[in-house]
Amino acid sequence: MAAPGPGEYFSVGSQVSCLTCLGQRLQGEVVAFDYPSKMLTLKCAPSSGKPNLSDVVLVNLAYVSEVDIISDRAETPPPLASLNFSKLVNRARAEKEDKLSQAYAISAGVSVEGQQLFQTIHKTIKDCKWQEKNIIVMDDVVISPPYQVDNCKGKEGSALSHVRKIVEKHFRDVESQKSVPHSQQAQQTQKDSALSS
């Protein structure tokens, strides 16, 4: 493959605007550009609207109909921030364990309600795992099917009390989510009947 010619590369830090083949306009700062694969990485304004964040978008230039360089960066870009590899490795390991735990629960035939409860508990207490169809929390509390507050067993104390409160709140939240669509549906029915009278 020949070396890129003028206008066929993008300097890190340059501001560019692209029009995709779907008609979407992307504008942002060039973070990286890979000439062989024609992949451009842009740091764009956040779609969330939060000022301290950015969206990072990968653009395949094979699917771009127009690219405009708004401003080219002439000086050398700042050095890349160093990465904490041990933190990244630990995060990847934790994510892998979470996915394996979810897969185990599905393969063991755990109900959807049990899986949802496990996820809720895991958000607050990372030390929870599956043992067959039972949820084990901090090696002190066992929650067996059908995963209600009464199914929480363990040595009386703060751990058991805390887990029971999480389970109770989980089912309260599930019930309130179920009742919201019903109340909205009832309101719509009332509106429809009022309009038809």
Side-chain angles (χ1 to χ4, degrees), residues 1-108 110 112-130 135 137-138 166 169-170 173-174 177 180-181 184:
M1 182 176 277
E8 292 182 2
Y9 63 92
F10 302 93
S11 303
V12 172
S14 299
Q15 292 288 327
V16 299
S17 175
C18 304
L19 182 64
T20 68
C21 61
L22 299 173
Q24 181 184 16
R25 172 70 60 185
L26 300 171
Q27 182 175 332
E29 178 184 339
V30 175
V31 177
F33 175 61
D34 181 55
Y35 179 77
S37 64
K38 301 283 196 233
M39 291 298 292
L40 179 64
T41 306
L42 296 177
K43 182 169 76 171
C44 302
S47 56
S48 65
K50 295 181 180 175
N52 57 340
L53 298 176
S54 297
D55 288 350
V56 176
V57 181
L58 295 175
V59 182
N60 185 340
L61 294 180
Y63 298 102
V64 170
S65 61
E66 175 185 314
V67 179
D68 297 317
I69 298 175
I70 297 169
S71 66
D72 204 1
R73 184 180 193 123
E75 68 271 4
T76 306
L80 296 174
S82 62
L83 296 175
N84 184 340
F85 284 106
S86 62
K87 188 175 180 180
L88 290 172
V89 167
N90 288 339
R91 189 169 162 189
R93 182 185 45 76
E95 287 295 320
K96 181 179 177 184
E97 287 173 2
D98 286 350
K99 297 302 178 196
L100 287 172
S101 177
Q102 290 174 10
Y104 174 80
I106 292 168
S107 69
V110 174
V112 172
E113 292 81 11
Q115 293 173 39
Q116 290 172 341
L117 177 61
F118 181 89
Q119 292 299 321
T120 299
I121 294 169
H122 193 261
K123 286 177 189 172
T124 307
I125 304 170
K126 296 294 180 201
D127 186 11
C128 61
K129 60 189 175 210
W130 289 103
I135 301 172
V137 184
M138 300 181 294
I166 293 171
K169 183 178 182 324
H170 169 76
D173 292 348
V174 167
Q177 288 175 356
V180 168
Q184 289 175 343

Extract all donor-acceptor atom pairs below 3.5 Å that involve side chains of residues 89-97 and protein atoms in other chains or at least two apart in sequence.
{"unit_1": "Asn90", "atom_1": "ND2", "unit_2": "Ser86", "atom_2": "O", "d": "3.3"}
{"unit_1": "Arg93", "atom_1": "NH1", "unit_2": "Glu97", "atom_2": "OE2", "d": "3.2"}

**Prompt:** How about Tyr63: does its OH atom have over 12 heavy atoms from other parts shown lying under 6.0 Å from it?
**Reply:** no

**Request:** Please determine which of Val12, Val57, Leu58, Asp34 meets the side chain to side chain contact (heavy atoms under 4.5 Å, CB included) test together with Thr41.
**Result:** Leu58

**Message:** Counting C-beta onward and ignoring hydrogens, is there a side-chain heavy-atom pair between Phe10 and Leu61 closer than 4.5 Å?
**Reply:** yes

**Asked** Does Ser54 reach the main-chain N or O of Pro46 with its side chain, forming a donor-acceptor pair under 3.5 Å?
**Response** no

**Asked** Looking only at heavy atoms, what is the nearest atom pair of Gly114 and Trp130, with distance?
**Response** O-CH2, 3.7 Å

**Prompt:** Is it the case that more than 12 heavy atoms not belonging to Lys126 sit under 6.0 Å from its NZ atom?
**Reply:** yes

**Lys/Arg cation over aromatic Phe85: Lys87, 6.0 Å, 45° cone** = no

**Nearest atoms (heavy-atom pairs only) where Glu113 meets His170** = O-NE2, 4.4 Å

**Message:** Counting C-beta onward and ignoring hydrogens, is there a side-chain heavy-atom pair between Thr20 and Leu26 closer than 4.5 Å?
**Reply:** yes

**Message:** Tell me whether the rings of His122 and Phe118 are parallel (<30°), tilted (30 to 60°) or perpendicular (>60°).
**Reply:** parallel

**Request:** Output, in order, the C-alpha distance, side-chain angles, deciding distance and verdict of side-chain contact (heavy atoms from CB on, under 4.5 Å) for Arg73 and Gln15.
**Result:** CA-CA 8 Å; Arg73 184 180 193 123; Gln15 292 288 327; over 6 Å; no

**Asked** Can you tell me how far CD of Glu29 sits from NZ of Lys43, rounded to the nearest 0.5 angstrom?
**Response** 4.5 Å

**Prompt:** What closest approach, in Å, do Ser11 and Val30 show between heavy atoms, and which atom pair accounts for it?
**Reply:** O-CB, 3.5 Å

**Request:** List the steps and the verdict of side-chain contact (heavy atoms from CB on, under 4.5 Å) for Ile70 and Gln27.
**Result:** CA-CA 9 Å; Ile70 297 169; Gln27 182 175 332; 3.3 Å; yes

**Message:** Just so I know, are the side chains of Val16 and Leu40 near enough to count as touching, which here means a heavy-atom distance under 4.5 Å?
**Reply:** yes

**Message:** One pair to check against side chain to side chain donor-acceptor pair (under 3.5 Å): Asp68 and Ser17. What are the steps and the verdict?
**Reply:** CA-CA 5 Å; Asp68 297 317; Ser17 175; 4.9 Å; no

**Complete:** Taking every heavy atom of Ser48 against every heavy atom of Leu53, the minimum-distance pair comes out as OG-CD1, 4.1 Å

**Polar contact flag, side-chain donor to acceptor under 3.5 angstrom, Asp72-Ser14** = yes

**Message:** Tell me if a side-chain donor or acceptor on Asn60 pairs with a main-chain N or O of Ala62 at a distance below 3.5 Å.
**Reply:** yes

**Item:** Ala45 versus Asp55, closest heavy-atom pair with distance
**Value:** O-OD2, 3.6 Å

**Prompt:** Is there a side-chain contact between Leu19 and Val64 (heavy atoms, below 4.5 Å)?
**Reply:** no

**Item:** Gap between atom CD1 of Ile135 and atom CG of Leu117 - 0.5 Å precision
**Value:** 4.5 Å

**Prompt:** Measuring from Arg25:CZ to Glu66:CD, what's the distance to the nearest 0.5 Å?
**Reply:** 4.5 Å

**Prompt:** What are the two closest heavy atoms between Gln115 and Ala105, and how far apart are they?
**Reply:** CG-CB, 4.1 Å

**Distance (rounded to the nearest 0.5 Å) between Phe33 CZ and Leu42 CG** = 11.0 Å

**Prompt:** For the atom pair CD1 (Ile166) and OG1 (Thr124), what is the distance rounded to the nearest 0.5 Å?
**Reply:** 4.5 Å

**Complete:** To the nearest 0.5 Å, atom NZ of Lys123 lies from atom SG of Cys128 at 12.0 Å

